[in-house]
Amino acid sequence: MNDSTTPSLPELPEIWQQTLNWQPTTKQQVQLQRLYELILEGNQKLNLTRITDPQEFWEKHLWDSLRGVALLLRVGEKDDGEMGRLGDGEKDFTPRPHHFIDIGTGAGFPGIPVAIALSDCTVTLVDSTRKKIAFLEQILPELALENVKTLTGRAEEIGQQSQYRQNYDVAMIRAVSNASVCAEYTLPLLKQGGLAIIYRGNWTEEETTALTDAVKLLGGEIEAIEQFTTPLSKSLRHCLYLRKIATTPAKFPRAVGIPTHKPL
Ligand code: SAH
């Protein structure tokens, strides 16, 4: 499977354990390595990612994707009535999150690593670029991932369609647009009580202030903002966690292109 031209990903079990209190099983490690190989192959035809070095791929694509759902990685471990409760008591879910959606997934981040790590959840990967979704559809069988669905479309459109709107427990979004646009793309898709996870590089207090009003208009509230450094290159990252606390007004998301041209 791993021919001589494809480097191996680092495994770094201690780093997974120390940073996320989680480690891939042997099966998951094989899936992550295969994902790396398939993306490197796909990169020859499609412009999927500039991150091809094994250490960098591990950190910026795999570790970063899973850091956003760190609290949920531990939830699935127990098989009893406590499963719905997250460790720190602040981000409780009732019922436990099961349906995830990744908006603007590109080459499958963060959605595919999340689907590998949380194999009892379903993850819907959405992208407006048909070629990227076609690539993902082609690699899914090779990854033996049965809990992933794909959808070509724009967040503004699917957020208005009843089969998707208010249908998800968790909506993830990384490197798609500014935070208020990400909030407008994700919150309509969530069930009441659901969680939007916005992956960011830099983040400032002023941005929090600016985002608060937009999130409120959409029926959400900022529940937490986590700052962390990545374990290998020590780069600064943030994850914003928005909780849906009220129904999103029907006018959101606005028509295609409006959220980015006139952010809330
Ligand atoms: N989330 C991936 C890819 C980021 S690139 C990662 O972090 O690596 C941004 C992706 O979002 C592109 O693939 C683009 O096609 C998609 N995208 C941009 N606007 C979108 C929209 N309104 N709806 C759906 N996908 C969108």
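Residues: numbered from 1 along the sequence shown. Excluded from the calculations below are hydrogen atoms, water molecules and symmetry mates; all remaining heavy atoms, backbone and side chain alike, are included. One-based numbering, in listed order, for ligands and for the atoms of each. Note that the structure is a prediction, hence the values are computed from the model and not measured.
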Item checked: For the student: nearest non-hydrogen atoms of P231 and T19, plus distance -> CB-CG2, 4.3 Å
Notebook entry, point to check: Would one find an N or O of I103, backbone or side chain, under 3.5 Å from an N or O of ligand 1?
Noted result: no
Note to self: I want to know if ligand 1 touches G104 in the polar sense, i.e. an N/O pair below 3.5 angstrom.
What the structure shows: yes
Item checked: Test item, G153 contacting ligand 1 (heavy atom, 4.0 angstrom) -> yes
Checklist line | Given T49, I112, I51, the one that forms side chain to side chain contact (heavy atoms under 4.5 Å, CB included) with I39 | finding: T49
Note to self: Looking only at side-chain N and O atoms, does T212 offer a donor or acceptor that is under 3.5 Å from a partner on T209?
What the structure shows: no
Check: Identify the closest protein heavy atom to atom 21 (C) of ligand 1: which residue and atom is it, and at what distance?
Finding: A155 N, 3.8 Å
Checklist line | Validation row: S235, T229 side chains within 4.5 angstrom (heavy atoms) | finding: no
Item checked: Polar proximity ligand 1 side, R174 side, N/O cut 3.5 Å exclusive -> yes
Check: Heavy atom of Y185 under 4.0 Å from ligand 1?
Finding: yes
Next item on the list: Note the single closest protein heavy atom to atom 16 (C) of ligand 1, along with its residue, its atom name and the distance in Å.
Entry: D127 OD2, 3.4 Å
Next item on the list: Would you indicate which of S177, G106, A175 comes nearest to atom 5 (S) of ligand 1 when only heavy atoms are counted?
Entry: A175
Notebook entry, point to check: Is the closest side-chain heavy-atom distance between W58 and L12 below 4.5 Å?
Noted result: yes
Notebook entry, point to check: Is there a nitrogen or oxygen of D102 sitting under 3.5 Å from a nitrogen or oxygen of ligand 1?
Noted result: no
Margin query: Students should be able to answer this: which protein heavy-atom is nearest to atom 22 (N) of ligand 1, and at what distance?
Written below: E156 OE1, 2.9 Å
Next item on the list: Do me a favour and list the nearest non-hydrogen protein atom to atom 26 (C) of ligand 1 with residue, atom name and distance?
Entry: S128 OG, 3.3 Å
Notebook entry, point to check: Got an N/O contact under 3.5 Å between V176 and ligand 1?
Noted result: no
Notebook entry, point to check: Does one side chain, of T204 or N202, offer a donor that lies under 3.5 Å from an acceptor on the other?
Noted result: no
Notebook entry, point to check: Is any side-chain heavy atom of M172 closer than 4.5 Å to a side-chain heavy atom of I103?
Noted result: no
Item checked: Min side-chain heavy-atom separation V148-L125 under 4.5 Å -> yes
